[in-house]
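Okay, structure first, notes after.
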Amino acid sequence: MVATSIWQTIAEHPEFFAMLTIPPVTALVTWLHVWMALKMLFYPIKFWGIRIPKFPFFGLPGIGWQGIVPRKAGKISGVIVDQTLSKLGSLDEFFQAMEPEQMATFITETVDSNLEMLIDEIMLERSEALWGNVPYAVKRRIYAQAHQALPDIMQSLVTDLTYHVEDLVDMRQMIVNKMESDRRLMVNMFLRVGQKEINFIWHISALIGLVFGIIQMFIFLVVPQHWTVPFFAAIWGFLTNWIAIWMVFNPVEPHFISYIKFFERRKNFPFIALQVPHKAQFRLQGGFMKRQDEVSEVFAQIVVKDLVTLENIMNEMMYGDRAAQTRELMKSHLYQLLDSPVVSTTLRMGLGRREFGHLKNTIIDKSIMATMVPLRDPKLNESRASKIFGLFRDRIRALSPHEFQNLLRPAFREDEMTLIILGGLTGFLAGWLHLVLVFFPAVH
């Protein structure tokens, strides 16, 4: 009876048809502006617009836009390392799990196959005249000495690097550098980890918008003022973005609610089947939090293939902020080769003390380059990734809900208010257009 009376009141309203458009328009506009907000979170990867020196707004270099995630890749990746990756274990532990003894063997075999060419390259660069006049028999002895000493030198060198990996590599800086140098990697990581949550935010927003549209229709019935259309559209736009993001991560801890279950869902037709009523429990928890096991698998793959890789670790070790320490450590091993009588006598007599010192630096530079070649081998990196994949996956699964949410939460938290305010602004503009295109013509 009440429902009939309400409907009769709505039907008799002079702007009846305009009022009926409020719920579907609100749902559509909300769906579109949330889609836009989510796209602006990740795209464009590079700044698009007009660059203006010392532009004061939103940390942008000018009038235009760059996705929040790629723009703040360094800061966001630092938060992920500090709040999540650092809790999974130490770099020393991960490096040990890669079985450095096998790595040393692989590097030795690769370098050994090109060792004579490497020696020639070093010597010709430092003193072409000297090396050209060295008898071939002496060269053969130097080659043989290098081939003989290389396996022991490489094994002891890799062992020493492994032992000092925490001193030579800053894992946080390594990952931040990687993310800042490849901002698309950061975007792809968030999309792979949180695609279901992003789709959920997008689609649930239409439902939330529809509910708000129905509420707004009744508000207009009670307060038939045109200003309410854009005003409340702005409020709904603001609230929709906030509610959708909140639902992804909250509640953080699971809450189980008992209820009586009368049917079950099926994948095939009929999609719903009746069953004997029985007690069941509903798990109330943020959508992302519910997928911890599934996300752990995906995120572990990203970490071992793109972030904590053998190539990245060694690249940071050889060329990063602590490269000078790495060079000093390498000297103590590689200079052993120069201490053998035949090599030392030949080179010292031919080069002199100063040139012999320059030669040592050249040997370090060339050795680093030669070592990095096999370390970039995709097969070697894949085999090392497989060694630590299970370690990462299991430890991500073991994170507490509060720790786990920090895999995805920083991307939204960084400029969450910007997204929410954007929802309010787009809602207001859409409400104003709705007013102009639908309500004003209805009046006239």
Side-chain angles (χ1 to χ4, degrees), residues 1-41 194-251 257 259 263 265 271-272 282 284 286-288 412 416-444:
M1 196 71 180
V2 175
T4 304
S5 177
I6 293 174
W7 174 252
Q8 187 175 356
T9 303
I10 295 174
E12 292 175 353
H13 197 282
E15 295 179 275
F16 168 67
F17 290 106
M19 286 174 59
L20 286 184
T21 63
I22 293 177
V25 168
T26 304
L28 177 62
V29 168
T30 303
W31 187 72
L32 288 174
H33 81 65
V34 170
W35 173 84
M36 181 184 70
L38 291 171
K39 286 295 182 183
M40 292 177 71
L41 185 65
Q195 189 62 61
K196 289 187 178 181
E197 282 64 46
I198 291 168
N199 291 340
F200 171 80
I201 291 173
W202 181 26
H203 296 309
I204 197 68
S205 65
L207 179 60
I208 298 172
L210 181 65
V211 172
F212 282 151
I214 294 171
I215 294 173
Q216 184 174 344
M217 184 176 68
F218 284 101
I219 290 174
F220 189 81
L221 182 65
V222 177
V223 186
Q225 301 292 324
H226 287 147
W227 64 264
T228 62
V229 177
F231 175 77
F232 282 102
I235 293 177
W236 307 146
F238 184 92
L239 288 177
T240 301
N241 280 14
W242 179 80
I243 291 172
I245 294 174
W246 186 91
M247 290 176 68
V248 170
F249 300 102
N250 294 279
I257 302 172
Y259 68 99
F263 59 87
R265 289 183 295 177
F271 300 106
I272 297 177
F282 174 74
L284 180 63
F288 182 64
F412 290 92
E416 187 172 301
M417 190 51 63
T418 301
L419 296 177
I420 293 172
I421 292 173
L422 184 65
L425 290 175
T426 53
F428 177 83
L429 291 174
W432 181 78
L433 286 173
H434 186 200
L435 183 66
V436 171
L437 297 176
V438 177
F439 279 83
F440 286 171
V443 173
H444 300 293

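One is the number of the first residue; the rest follow in order along the sequence.
Shown here for S205 and W31, the closest heavy-atom pair between the two residues is OG-CA, 3.7 Å. Here the shortest heavy-atom pairing between A206 and A27 reads O-CB, 3.5 Å.
Looking only at side-chain heavy atoms (C-beta outward), T30 and F212 stay at 4.5 Å or farther from each other.
Taken to the nearest 0.5 Å, the CD1 atom of I204 stands 12.5 Å off from the CG atom of N199. One distance of note links CH2 of W35 with CE of M40; it measures 11.0 Å at 0.5 Å rounding.
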